[in-house]
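What follows is a short report on a single structure.
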Amino acid sequence: MKFLKSLAQTFANKPIDWDELEESLIHADLGVAITTRIITTLQEREAWSLMGINNVVKIVREEIARILPANSPPITPEPGKPKVILLVGVNGTGKTTSTAKLARYLQQGPVLSASRMDRHTVLLAAADTFRAAEIEQLVLWAKRHGVEMIRGQYNADPAALCYEAYQAAVKRQIDFLLCDTAGRQHTKTNLMAELQKVKRTLGKHDSSAPHETLLVVDATTGGNALSQAREFHSALTLNGLIVTKLDGSGKGGIVVAIQDELAIPTRFVGTGEQLDDFAPFDRDMYIANLV
Ligand code: GDP
């Protein structure tokens with residue numbers, strides 16, 4: 001995630017080379033559109049010839065800051081009913097890990113009353129009913145961390161499972177219902193149709209549910225993450241991203257590219273395999289980490 005730092009180092013003692021700069025920005029996954037805009041701004045302001053590479057890096061930071069919202073909206077409970085969060089994404093992006101991380105994050109939220117150590121309650125619905133191993137992983141994890149969980153039979157209908165999970169969440173007065181969905185089907189059309197059905201079914205209980213539809217993308221996959229965001233967004237209307245593996249990526253520009261093209265904000269970031277390697281997205285920290 002340190003592409004600006006490497007930019008400053010690469011070009012420190014070099015003559016101006018716009019092509020190489022352009023290549024570096026694209027390589028950092030900022031995408032062609034943003035890169036072209038940044039290069040044009042830099043050229044118009046004669047940033048490089050007048051003040052050198054450090055000034056170039058400063059302007060790149062400013063341009064990135066202009067694209068990203070200053071604050072990503074927090075996830076707060078819905079008064080009197082469960083807040084439903086649907087997690088979607090292709091297999092391997094870190095969806096199951098991120099579901100567990102988000103559950104723990106929400107569960108560890110603020111203490112709700114001074115007299116009792118009440119905290120938010122979370123119910124997990126393991127609606128990826130085709131991946132037995134993943135469900136077992138989540139079951140073990142949920143047990144260990146005292147998170148309630150609902151699972152179906154292997155191959156059970158995910159929409160029906162989420163429907164039941166919602167009923168259980170109401171009955172148990174749960175604050176957050178997290179639905180982990182399938183990331184793979186025989187065809188992409190099937191997957192999107194299945195996820196749309198899950199969404200519709202949840203909407204039968206509460207027309208505003210799911211309240212959040214979050215796509216999990218892997219920062220190390222660059223342009224693939226952008227195309228996944230396009231597809232899932234057009235089928236499901238996303239409210240945000242969870243961007244994983246920022247620790248393993250020297251880039252991280254995908255956060256900017258997806259916000260710019262699709263106006264989908266990054267809500268959380270994953271920075272490792274441990275449960276604590278997870279935090280709400282913070283623009284200024286993100287930009288500070290680029291240098
Ligand atoms: P799923 O198939 O999308 O459900 O993916 P998993 O949750 O099973 O994760 C796939 C792999 O990515 C596992 O080895 C995870 O430990 C790893 N992983 C998930 N999130 C992160 C992250 O933020 N950073 C790193 N380095 N690894 C991660």
Exercise. Begin with the C-alpha distance, continue with both residues' side-chain angles, and end with the deciding distance and a verdict on side-chain contact (heavy atoms from CB on, under 4.5 Å) for Glu20 and Lys14.
Key: CA-CA 11 Å; Glu20 199 181 341; Lys14 274 193 181 175; 3.1 Å; yes
Does [X] use its side chain to pair, donor to acceptor, with the backbone of [Y] at less than 3.5 Å?
{"X": "His205", "Y": "Tyr166", "result": "no"}
{"X": "Thr244", "Y": "Val217", "result": "yes"}
{"X": "His120", "Y": "Gln107", "result": "no"}
{"X": "Ser98", "Y": "Gly94", "result": "yes"}
{"X": "Gln196", "Y": "Ala235", "result": "yes"}
{"X": "Thr35", "Y": "Gly31", "result": "yes"}
{"X": "Lys101", "Y": "Asp277", "result": "yes"}

Which atoms form the tightest heavy-atom contact between [X] and [Y], and what is the distance?
{"X": "Ala219", "Y": "Val243", "result": "CB-CG1, 3.8 Å"}
{"X": "Phe176", "Y": "Ile85", "result": "CD2-CD1, 4.2 Å"}
{"X": "Leu191", "Y": "Arg184", "result": "CD1-N, 4.1 Å"}
{"X": "Arg61", "Y": "Ala288", "result": "NH2-CA, 4.0 Å"}
{"X": "Ile67", "Y": "Gln259", "result": "O-CG, 3.5 Å"}
{"X": "Val198", "Y": "Cys162", "result": "CG1-SG, 3.8 Å"}

Any side-chain heavy atom of [X] within less than 4.5 Å of one from [Y]?
{"X": "Val170", "Y": "Lys81", "answer": "no"}
{"X": "Ile64", "Y": "Arg283", "answer": "no"}
{"X": "Trp48", "Y": "Leu42", "answer": "no"}
{"X": "Leu86", "Y": "Leu177", "answer": "no"}
{"X": "Val256", "Y": "Ile34", "answer": "yes"}
{"X": "Thr99", "Y": "Trp141", "answer": "no"}
{"X": "Thr121", "Y": "Glu148", "answer": "no"}
{"X": "Ile39", "Y": "Trp18", "answer": "yes"}

Self-check item: Cluster link Leu236 to Tyr163, ILVMFWY, side chain under 4.5 Å
Solution: no
Could you check [options] and say which one makes a side-chain contact (heavy atoms from CB on, under 4.5 Å) with [X]?
{"X": "Lys95", "options": "Ile242, Asp128, Leu214", "value": "Asp128"}
{"X": "Leu87", "options": "Leu178, Thr181, Leu124", "value": "Leu178"}
{"X": "Leu215", "options": "Val90, Ile258, Leu238", "value": "Leu238"}

Between the side chains of [Y] and [X], is the shortest nitrogen-to-carboxylate-oxygen separation below 4.0 Å, so that they form an ion pair?
{"X": "Arg66", "Y": "Glu62", "result": "no"}
{"X": "Asp260", "Y": "Arg37", "result": "yes"}
{"X": "Asp175", "Y": "Lys83", "result": "no"}
{"X": "Lys245", "Y": "Glu273", "result": "no"}
{"X": "Asp276", "Y": "Arg104", "result": "yes"}

Quiz item: What pairs with His211 under ring-ring contact (aromatic ring centres under 6.0 Å, His included), at least two apart in sequence or on another chain?
Solution: none
Quiz item: Do Glu194 and Lys199 pass the salt bridge (charged side-chain N to carboxylate O under 4.0 Å, His left out) test, and can you show the C-alpha distance, the side-chain angles, and the key distance before you say yes or no?
Solution: CA-CA 9 Å; Glu194 176 181 301; Lys199 220 178 155 168; over 6 Å; no
For [X], is the [atom1] atom crowded, meaning more than 12 foreign heavy atoms sit under 6.0 Å from it?
{"X": "Asn155", "atom1": "CG", "result": "yes"}
{"X": "Asn91", "atom1": "CG", "result": "yes"}
{"X": "Tyr105", "atom1": "OH", "result": "no"}
{"X": "Lys171", "atom1": "NZ", "result": "no"}

Validation: residues 263-271 side-chain donor-acceptor distances under 3.5 Å, sequence neighbours left out:
| residue | atom | partner | partner atom | Å |
| --- | --- | --- | --- | --- |
| Arg267 | NE | Pro73 | O | 3.1 |
| Arg267 | NH1 | Glu212 | OE1 | 2.9 |
| Arg267 | NH1 | Asn239 | O | 3.2 |
| Arg267 | NH2 | Pro73 | O | 3.2 |
| Arg267 | NH2 | Glu212 | OE1 | 3.4 |
| Arg267 | NH2 | Glu212 | OE2 | 3.2 |

Practice problem: Tell me, with the steps shown, if Val122 and Ile174 meet side-chain contact (heavy atoms from CB on, under 4.5 Å). | Solution: CA-CA 6 Å; Val122 179; Ile174 295 282; 5.6 Å; no
Quiz item: Transitive ILVMFWY cluster of Ile26 at side-chain heavy atoms under 4.5 Å: who else is in it?
Solution: Val32
Quiz item: Is there a side-chain contact (heavy atoms from CB on, under 4.5 Å) between Val216 and Gln228 once you walk through the steps?
Solution: CA-CA 9 Å; Val216 180; Gln228 286 158 17; over 6 Å; no
Exercise. Give the intermediate values and the outcome of side-chain contact (heavy atoms from CB on, under 4.5 Å) for residues Phe11 and Leu21.
Key: CA-CA 8 Å; Phe11 295 99; Leu21 179 65; 4.1 Å; yes
